[in-house]
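No experiment lies behind these values; they were computed from the predicted model shown.
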Amino acid sequence: MTGLSATKGPVKGKVREMKVGKEEKEELIRKSALWTLDQEYLNCVRDILDNKIFQSMDQFIQHGHTTCKAHCIQVSYIAFQICQSRGWDSRSAARAGLLHDLFLYDWHTHAKETGEYFHGFTHPKVAMENAVRYFQVSEKEQNMILRHMWPLTPIPPKYKEGYTILYADKLCGLAEFCGHVKDLVLMAVWPKQIG
């Protein structure tokens with residue numbers, strides 16, 4: 001896999017570009033389903049995975065048919081794999097990836113229920129505050145959670161591992177959305193008499 005060009009330590013100056021081909025993206029998505037077998041990954045995140053607050057994310061749909069919990073696990077494991085393959089801080093990436101969408105509400109109905117219409121802009125801060133409230137989260141992990149929606153939010157991640165979460169989040173979100181759209185199109189064009 002071609003990689004994310006970055007220097008050690010905080011990323012400064014020009015944003016680096018993740019260069020990953022279509023086949024490599026599909027491979028990352030396929031491999032992300034193997035997280036339950038990866039003891040090294042599980043050792044980094046078991047406390048979060050076992051927590052009832054994290055488990056509650058299963059009640060909220062993120063994109064298409066994917067729950068917020070499933071989405072966060074997939075983002076976390078992809079970020080973990082990318083960082084691990086480059087010798088970066090894979091533990092922090094795994095933990096921040098799990099908590100990056102810990103906003104704990106249904107964003108599809110949130111605006112109607114509360115009048116807060118800017119979920120895309122505000123949920124990183126809510127997720128970070130919840131992560132700090134319920135888990136032991138380092139300053140680095142807080143930055144990764146808070147900055148995962150860049151460039152929608154104006155300040156980019158401070159750390160190269162934060163860019164892996166940003167990338168994995170967009171990759172997973174797109175795959176989840178496209179899978180849902182594909183299902184809708186198939187249902188619309190599938191002859192009803194066939195079943």
Side-chain angles (χ1 to χ4, degrees), residues 1-6 10-11 13-35 41 45 48 57 60-86 88-90 92-103 105-108 110 118-128 130-131 140-184:
M1 171 164 39
T2 56
L4 174 66
S5 306
V11 175
K14 187 177 171 186
V15 175
R16 311 286 194 236
E17 183 179 330
M18 176 84 63
K19 298 175 185 170
V20 180
K22 181 181 177 188
E23 296 83 23
E24 292 160 322
K25 289 177 185 176
E26 290 170 0
E27 180 70 5
L28 278 171
I29 293 290
R30 187 188 65 72
K31 280 184 171 180
S32 70
L34 302 175
W35 66 272
Y41 171 74
V45 297
I48 297 171
M57 293 169 66
F60 306 117
I61 296 296
Q62 181 68 335
H63 307 113
H65 306 295
T66 306
T67 67
C68 196
K69 176 183 154 190
H71 168 77
C72 287
I73 291 170
Q74 195 168 37
V75 168
S76 169
Y77 192 56
I78 288 173
F80 173 82
Q81 288 180 309
I82 292 170
C83 289
Q84 190 178 49
S85 72
R86 287 159 179 78
W88 298 347
D89 186 355
S90 57
S92 290
R95 295 179 66 79
L98 275 183
L99 300 171
H100 82 279
D101 279 343
L102 189 71
F103 43 81
Y105 56 78
D106 183 348
W107 69 267
H108 301 89
H110 184 70
F118 300 103
H119 168 79
F121 297 97
T122 60
H123 83 268
K125 184 175 183 203
V126 173
M128 188 206 61
N130 285 334
K140 183 177 190 177
E141 293 162 354
Q142 289 176 46
N143 182 270
M144 289 187 252
I145 295 165
L146 189 60
R147 304 294 182 224
H148 83 271
M149 286 300 289
W150 182 80
L152 189 59
T153 53
I155 303 171
K158 184 176 180 181
Y159 304 98
K160 58 188 172 261
E161 295 88 353
Y163 284 94
T164 65
I165 291 171
L166 192 152
Y167 170 76
D169 185 37
K170 304 315 174 248
L171 176 65
C172 293
L174 184 61
E176 293 158 7
F177 176 75
C178 289
H180 181 63
V181 169
K182 183 182 89 175
D183 291 346
L184 291 174

Here the gap from Thr153 atom OG1 to Leu166 atom CG, rounded to the nearest 0.5 Å, amounts to 8.0 Å
Is atom NZ of Lys125 surrounded by more than 12 heavy atoms (other residues, nucleotides or ligands) closer than 6.0 Å?
no
Return the OH to SG distance between Tyr77 and Cys172, rounded to the nearest 0.5 Å.
13.0 Å
Is the backbone of Ala94 close enough, under 3.5 Å, to the side chain of Ser76 for a donor and an acceptor to pair up by distance?
yes
Measuring from Ile48:CD1 to Ile73:CD1, what's the distance to the nearest 0.5 Å?
10.5 Å
Chi angles and distances behind the side chain to side chain contact (heavy atoms under 4.5 Å, CB included) call for Trp88, Thr164
CA-CA 10 Å; Trp88 298 347; Thr164 65; 3.8 Å; yes
What residues, two or more places apart in sequence or in another chain, satisfy side-chain hydrogen bond (donor to acceptor under 3.5 Å, both in side chains) together with Asp89?
Ser92, Lys140
Across all chains, not counting sequence neighbours, the side-chain hydrogen bond (donor to acceptor under 3.5 Å, both in side chains) partners of Arg95 are Asp47
Provide the closest heavy-atom pair for Ala168 versus Ala79 in the form atom of the first, atom of the second, distance.
CB-N, 4.2 Å
So do Tyr167 and Ile82 actually touch side chain to side chain, heavy atoms under 4.5 Å?
yes
When the ring centroid of His123 is compared with that of His100, is the distance short of 6.0 Å?
no
Applying side chain to side chain contact (heavy atoms under 4.5 Å, CB included), run through Met57 and Thr67 and close with a yes or a no.
CA-CA 7 Å; Met57 293 169 66; Thr67 67; over 6 Å; no
So which atom in Leu99 and which in Ala127 form the shortest heavy-atom distance, rounded to 0.1 Å?
O-CB, 3.7 Å
For the CZ atom of Phe60 and the CZ atom of Phe103, what is their distance to the nearest 0.5 Å?
8.5 Å
In Å and rounded to the nearest 0.5 Å, what is the OH to NE2 distance from Tyr163 to His148?
14.5 Å
Quick one, Lys170 and Met149 - any side-chain contact, counting heavy atoms below 4.5 Å?
yes
Closest contact, heavy atoms only, His71 versus Thr66
N-CG2, 3.7 Å
Using the side chain to side chain contact (heavy atoms under 4.5 Å, CB included) rule, take Asp169 and Asp101 through it: C-alpha gap first, then chi angles, then the decisive distance, then the call.
CA-CA 10 Å; Asp169 185 37; Asp101 279 343; 4.2 Å; yes
Taking all non-hydrogen atoms of both residues, which atom of Val75 and which atom of Ile165 are closest, and how far apart?
CG1-O, 4.0 Å
I'd like to check the side-chain hydrogen bond (donor to acceptor under 3.5 Å, both in side chains) partners of Gln84; sequence neighbours left out, ordered by chain and number.
Glu40
Specify the closest pair of heavy atoms between Met144 and Ala96, including all atoms of both residues, with the distance to one decimal.
CB-CB, 3.7 Å
Roughly how far, to the nearest 0.5 Å, is CD1 of Ile155 from CG of Asn143?
9.0 Å
